[in-house]
Structure formats: structure tokens, C-alpha cells
There are 4 protein chains.
Amino acid sequence: MTTERRKSPDTTRRSEASRRAILTAAFELTGEVGYAKLSIEGIAARAGVGKQTIYRWWPSKGAVLFDAFLALTEGAEGAGEQEAALPDTGDLEADLKTVLRATVDELNDPRYDEPMRALNVEILQDPALAAAYAERLDGPMKELKKTRLRNAQQAGELPEGLDLDLAIEMVWGPLRTRWLERRGPLTHAYADRIVETALNGLRPRPA
Amino acid sequence: MTTERRKSPDTTRRSEASRRAILTAAFELTGEVGYAKLSIEGIAARAGVGKQTIYRWWPSKGAVLFDAFLALTEGAEGAGEQEAALPDTGDLEADLKTVLRATVDELNDPRYDEPMRALNVEILQDPALAAAYAERLDGPMKELKKTRLRNAQQAGELPEGLDLDLAIEMVWGPLRTRWLERRGPLTHAYADRIVETALNGLRPRPA
Amino acid sequence: MTTERRKSPDTTRRSEASRRAILTAAFELTGEVGYAKLSIEGIAARAGVGKQTIYRWWPSKGAVLFDAFLALTEGAEGAGEQEAALPDTGDLEADLKTVLRATVDELNDPRYDEPMRALNVEILQDPALAAAYAERLDGPMKELKKTRLRNAQQAGELPEGLDLDLAIEMVWGPLRTRWLERRGPLTHAYADRIVETALNGLRPRPA
Amino acid sequence: MTTERRKSPDTTRRSEASRRAILTAAFELTGEVGYAKLSIEGIAARAGVGKQTIYRWWPSKGAVLFDAFLALTEGAEGAGEQEAALPDTGDLEADLKTVLRATVDELNDPRYDEPMRALNVEILQDPALAAAYAERLDGPMKELKKTRLRNAQQAGELPEGLDLDLAIEMVWGPLRTRWLERRGPLTHAYADRIVETALNGLRPRPA
DNA sequence: GTGTAAGCGAGACGGTACGTCATGTCTTGTA
DNA sequence: TACAAGACATGACGTACCGTCTCGCTTACAC
């Protein structure tokens, strides 16, 4: 872990102003022209920066966009970073609906939609980026989800032997897929229906 | 519907030999160099064809790859095309496992893995391609799935009010996501677990 | 002369309408877009003719333009073709000035300027075309000039041993060069000065 | 004169090696395949240079060829550039014959014939190139010619009122035309005959 | 304090691929 | 069988970016 950045340049001399300008430019341009037409040259021009400054610090345009997201989320978290957790009122179904409804609102925000989709697509093609995503962005969130589900297990709301990864996929997967593939509108009603169906299963339950 | 191709060139004069060479080249090259490095120039060179012949008939390299798949599946279907259906032994769970296990085997086939993933990625970025995919490739398969689930409803294995689209997502989504995002190995055991979890739901069922 | 068109198709079946449409289109397009941007495709489209019809009968776009000129001059000559001759009033200097002034007027006609220049340029690059030009267009005119000069020789206005080809070059060359290379305006005064200078020579003549 | 190159890129960063490679390649290729088949792609390939490097510094292939000539002549001039002058022995006729014979020898050199003709043809079609040619290549030479003729005027060998531009055309025009249009062989005898005819005029002179 | 060695904006460089255009040949269907 | 139409393989066009490189400039750190 300590020697991982052998070839990277000296980070202490890095220009914070350039870094922020690049991330901002990348984020905005992705929203304006789409990820496919996003270019390093374009980012550099918009940011008023030499191309080499980008190549010096990032291996690909996907990595730049990734860092742009990272900066965004870190900026939003504020001071009390560690304390984030999913709501836990004791009612798993209600809590999941709350969370999914919030996700729906976020995904419907036009400012984030295009760059977020671009990042998700890029991850499919770049394993290194996927690893970074899994570790830095998706990982922490997934841990929160697991914690909430584990609590539900202890409360008896979920069975002991449940595959939590699969459970998460059942609850959050359909929403993400519908968003990523634009298969239909993202609504609170849809969020609710997912939660109910996932919890109860497809099979009829005895009354 | 009849006049939709006003500006397209005369299809009757089209060279079938060139068309097949292009589709074959596109499919093979995607497997060899990956979709990102696939180029129209490369396809044309490999196919022994002028670039213009590709631009004349396809709007994008994604469209070429799409047609390559279409040709593949149509070639495979052979004569008895209409009779395709999902297995129906009366045991929904067993049948779904059979189908998902077959899908697992297909997705593990290295020949199709890379091009198929490329096509799926491209669809995320090209709405026109997505529409074609939904209509020509995914649509028919989805109809088979719905039919099977409807049969199960009539047999009382599934409730009347079930959202079939969501149900399909619950069953097939996790497998597709794991494959697309390379989140883990695709095994028969995983296929079975998905089916069981989706059918029973996350919540404990009374014994 | 008899075997020169070995590979050409049967001329008797040729469509006169297509031929004229092609020549007209070529001439007009040269005036409109310039010779450099003139294309066989463009001529065919403007003439409402298949490309093959042009390739069947002409070896190059220069040849088409050449024929367009030929058609033009032949159309203008009318019936009494053989009777053309340069004016001969017995005063060589006056006659040459008359002829050169007429040439000046022709070269200043904007309709012919661009196509004529194009043809002259093309001739520099295509020996076959140059030969055709020398034989069909320039040759007859040069014969007229020589005849007039020979008459002057017999009248004692020019010395017996004069190189007539060089003499023609002295008289007509400067005008043609000034036009071809756009070195200056073509005026009657310039025409007169050429004739005087060529006849008298650069050296002072005794009074 | 100071602000004429507003949009041109920074000349100080220019690669001299690339520039020379391009000019050499252009000159050689013109000799090998002819100007018509000369292509920017071909020059770039032969020079081991990206196409953009050519487009960055030259507006057309004609301009490249022009610079190739410029480099050639500038290389040949050596140190004492300003001192060049046409011979002046006091005998105008002899001096002009000397100069024209030298020109004949130069035009007969097969290394320069094709590229030089190509440049001359291109000038007919490109006014910008023509202006550059007039200023940089033809202009200085023309000044030398005028100077020699002016000296002859002062010595009484030529009349005061003579149009020097026209006189130059009379002497050098026929040779240039015969070369450019390949109308016949370029010989010393022909050079001599031109000078004699131009000086004495077509009309007979009293003995 | 003053090198000296980074990072920086700038942009030229050798390349690859783009999407368009025209070439000259070949094929199809009409008259 | 000549023709209009137009698909075809070929190849150059001029553009956009790629990722690398070199320029001066500025901005620390080390001596």
C-alpha cells in the first residue's frame, strides 16, 4: 500500500487550482456534450490548462471523471463524514422505501444524470476504474446497506442465512437498471413496488 | 411504416457478400481487440471492403455490431423459429433454474462474452440502438419469459396482480448485472440461488 | 488515322442528346466552380447522365472540356468554314493590330475566360490533350496566321528568311502570357504596343 | 508588413528537421510521380511526418512545392547573395545570348524540369501562389533583367521610351513558352535566334 | 539568497481514425 | 446494347484527438 505510487510525480507541488479547474471542466463538459465526445483536449482547453497536466495526474478521461465525482461527494459530506448511516426505524420495509425514494430523486436530477451514467458506462469497460469505483464510491455505500440489512437480520426481519449481496442486488438492482438503460420513468411508486416485491418474493404468501 | 426509409439507398442492389464480410469482420475484431479499439477502418480492411460501403448501410459501429448479432441469432434459429418457448414442466422454480443455468453457460462462452458485453455497453449510450435492441433482440426473448410467467399465474404459482416486468427483472437482472459488471463468477449455484431468493423473497416465510 | 479508335464503342448507337448535355454541363460547371473542382460526378449529375456514359466516350475530364470547346467553335463557324482568313489590307501592322484587338475582346469575355484558361492549363499536363489541341483548335488558327505572314513576306514587308513560328510567338505570345498568368489588364493599347515592338524590334531603328 | 502572419502558429517552435524532410520529399515525389499524383499523404509518409504538420504550415501542396524551390535557390545562392547580376560586357546581344543559353541548360536539366513545370502550372490556378512567386522567385530575377536593359538604354543600345516589361517578355517569353508547352527542343541555336529576332524586330532593317 | 528541479500553460510533433468525396469499374433494369 | 442509376473497392481529403515531447516561466525546497 505504501509503494503503490512509484512512478507518480511529487504530489506536494501539485497545483490545487489546476486540479479543481480540470475536475470542474470535465464534469461540466460531460453534461454538455456527453461522455463520448468528451476529450482530454477539450477538458484542458476549458480548464485553461496544459494537456500534460492532465496526463501527469490521471491515466484516462474516465479517471478524471471519476475524481470529479469523488470531489463532488466529498464536498457534499461535510464534516461528520463517519456518521452516515441508512435510516433504521425498526421497520425495514419503510426504511428501504425511504432510501430508494431518495435515490429516485437523485437520479432524476438532470445535473447528475448524464455524468453519472457516463461514469457507470465507463466502469464497464475499464477494470481499473471499476476497482476504484468499487472501493471508493460504491463500497462505502454498500457497507451501509449491509449494515442495515444485518440489523434487520438481528431483529428477525430477515433470515440468518440470507446472501446479503444478492439481497442488495434484489432491492437496488432493478432501480439502477431501469435508470441506466432508460427503461422507464423513475417514480416513488416504482421504488415502493420494488421493495415490496423483493421482500415478499414473487410467490404468493399465505395470508 | 412503409415509407420510413426514404433516404436509404436501394437495398435490392446491395452486395450480400460485402454485408456478410463486414458483419463477420466486426464480430471477430470485437473479440480480438475489444470494442473500444474497434474501428470502421479496421472492419473495412479486414472485410476487404471500402469504408463507404459501411457508412452507406450503417450509421455507427455499434449498429454494425448489432447486425452482426442479429445475423448470428437468425442463423442459429433455423427453420422452426416460431416454436421457441421456455420450458414448462409445471414446476416454475425448476424451469427458471434450467433457463438461468443455460444463460450462465452462454455467458461463460468466451467467443460471445466480449462482443456481447460491447453491444450491451453501446446500447447504454445510443438510444436508437437501444430501441432496435429492445425490439429485435431482447423483445422476443422477453415475450417468452412473460408467457412462461403468465402460465405460472394461471397455474396459481404466481399471484394475479404481479408486475411481470419487475418479476423478470428480479430473476434475470442479478445474473446480467453480475456478468456485465464482472462482479463475480457465473455459476449454476448462483443461478439457483437467484431463483430461490426471487421466488421466496427476502423476508422469512412461515414454515 | 483509320485505326485510332480501336477500343471505342460503336459510335453509331451513341446518344446525341446525352453527348450535348454532357458538353454543356462541363462547360457551365467549369465557369461556375472552376476547373479544379470540376468532377466527372458533377458533370454526370448536372447532365442527368450516368457516369459510365462519360467514361465510355472520354478518357478524362480534360477531354470532355476540350470537346465542349470544339462543339462551341464548330457551332460558331457555321457553313462557310473554309473561307476563314486573317484580314489582309496590305498593311501588316494595321492588320495585326486588328486581329490582336479582336483577341483581346474575346479574352475579356467572362463567359469564356475561366473555361479557356482551364483548358490551356490542362494542356500543359496532358500531352495527348496537347496534341489534340494543336491539331484541332490551335493548328487551323496558326495556319491562318502563317498564311498572312507569308503574304507579307511576298509583299516585301517581312524578310524571306524569317522564322514564322518564332514570329508568331513574338506577336501573339505576350498577349497570351499576360492573359494566362493574369499579369495585367488586356487592352487595345497593349495589343498595339506588342505589334509595334515586335515588328520594329527592341533596338532603335535609324530614322 | 509586421502584422501579416496573425493566425500562423508560433514559428519559433517549428521543427527544422521536419520542415526540410517535407520539402525534400515534396520535391522528389514531384519528380517521381508528377505533380498531379502528388498528395499530402504521400509527402507526409515519405517525410516520416504527420499530415497535420504539413497542414499546420502550408495551405496547399502547391505552397509546399513552392517552398521547396525557395529552399533550393536560397541554398544555391550562398553567401554573396546581393551581388548577383546579369553579365554586362557592353554588348547587349552577346550578353542576352549568354543568359538565354544558360537558361536553356537549366531547363534541360531533368532534375528540375518536372517540378519546375509543376510549379509553373500551379501558379496559373492559385493567385496567392502566383503572388508569392512574383515576389519571391520571379521578382528578383526580373529586377536583374530590367537593370541590364536600363544599362543598355543608357549606353544607347536601346531607345529611351522602350517598355521594359514588354521587352523582357519578347526576349524570355518565347523560350519559356516553348519549354512550358513542350513545343520543341531547347537549344542554344534557338536561344540565339530569339535574341536576334527580338532585337531586330520582324521587319527588315536597312543594311 | 540562490540555484535547481519540479509543476505549469502552451503547443508542435508523429500518429490513428474519422466521415466525406471522387475515382473508375461493375451490375441491374429499362427502352 | 446504349443508357440512367447507383453500389462497389480504392484512396486522398482535411479535421479532431491521441499521448509524447520540448519550450520558457513560476514556484518551492535545499544548500
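Side-chain atoms are counted along with the backbone in the values below, which use heavy atoms only and exclude waters and symmetry mates. Keep in mind the model is a prediction, meaning the values are calculated, not measured.
Side-chain nitrogen and oxygen atoms of Arg56(D) include at least one within less than 4.0 Å of the OP1 or OP2 phosphate oxygen of dC13(E). Trp58(C) has no side-chain polar atom (N or O) that falls below the 4.0 Å cut-off from OP1 or OP2 of dG24(E).
In this structure, Ile54(A) atom CD1 and dC17(F) atom C1' are separated by 12 Å, rounded to whole Å. Distance, Ile40(D) CD1 to dG15(E) P: 17 Å, rounded to whole Å.
When the salt bridge (Lys or Arg N to Asp or Glu O under 4.0 Å) test is applied to Arg14(A), no partner is found at least two apart in sequence or on another chain. Partners of Ser39(C) according to the side-chain hydrogen bond (donor to acceptor under 3.5 Å, both in side chains) rule, which considers only residues two or more places apart in sequence or in another chain, do not exist here. For Arg56(D), the salt bridge (Lys or Arg N to Asp or Glu O under 4.0 Å) criterion is met by no residue, not counting sequence neighbours. Residues meeting the side-chain hydrogen bond (donor to acceptor under 3.5 Å, both in side chains) test with Thr53(A), sequence neighbours left out: none. Every residue was checked against the ring pair (Phe, Tyr, Trp, His ring centres under 6.0 Å) condition with Tyr35(D), not counting sequence neighbours, and none meets it. For Arg20(D), the salt bridge (Lys or Arg N to Asp or Glu O under 4.0 Å) partners at least two apart in sequence or on another chain are Glu16(D). In this structure, Tyr133(B) has no ring pair (Phe, Tyr, Trp, His ring centres under 6.0 Å) partners at least two apart in sequence or on a different chain.
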Close N/O contacts between protein and nucleotides 28-30 of chain F (under 3.5 Å):
none

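Comparing dG24(E), dC3(F), dC18(E) against the side chain of Trp57(C) picks out dC3(F) as the nearest. Of the candidate nucleotides dC3(F), dC17(F), dT25(E), dC17(F) has the atom nearest to the side chain of Glu41(A).
Near DNA chain F, meaning a heavy atom under 4.0 Å from it, residues 14-39 of chain A has Ser39(A) in order of number. Within residues 45-52 of chain B, the residues approaching DNA chain F are Gly48(B), Val49(B), Gly50(B), Lys51(B), by heavy-atom distance under 4.0 Å.
From Arg182(C), atom CZ reaches atom CG of Asp113(C) across 7.0 Å, with rounding to the nearest 0.5 Å. To the nearest 0.5 Å, the span separating CG on Leu23(D) from CG on Leu72(D) amounts to 9.5 Å.
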Could you tabulate the donor-acceptor pairs under 3.5 Å formed by side-chain atoms of residues 40-49 of chain B, not counting sequence neighbours?
residue	atom	partner	partner atom	Å
Glu41(B)	OE2	Lys51(B)	NZ	2.9
Arg46(B)	NH1	Glu28(B)	OE1	2.8
Arg46(B)	NH2	Glu32(B)	OE1	2.6
Arg46(B)	NH2	Glu32(B)	OE2	3.2

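Within the structure, the side chain to side chain donor-acceptor pair (under 3.5 Å) test picks out the following pairs touching residues 59-69 of chain A (sequence neighbours left out): Trp58(A)-Asp67(A).
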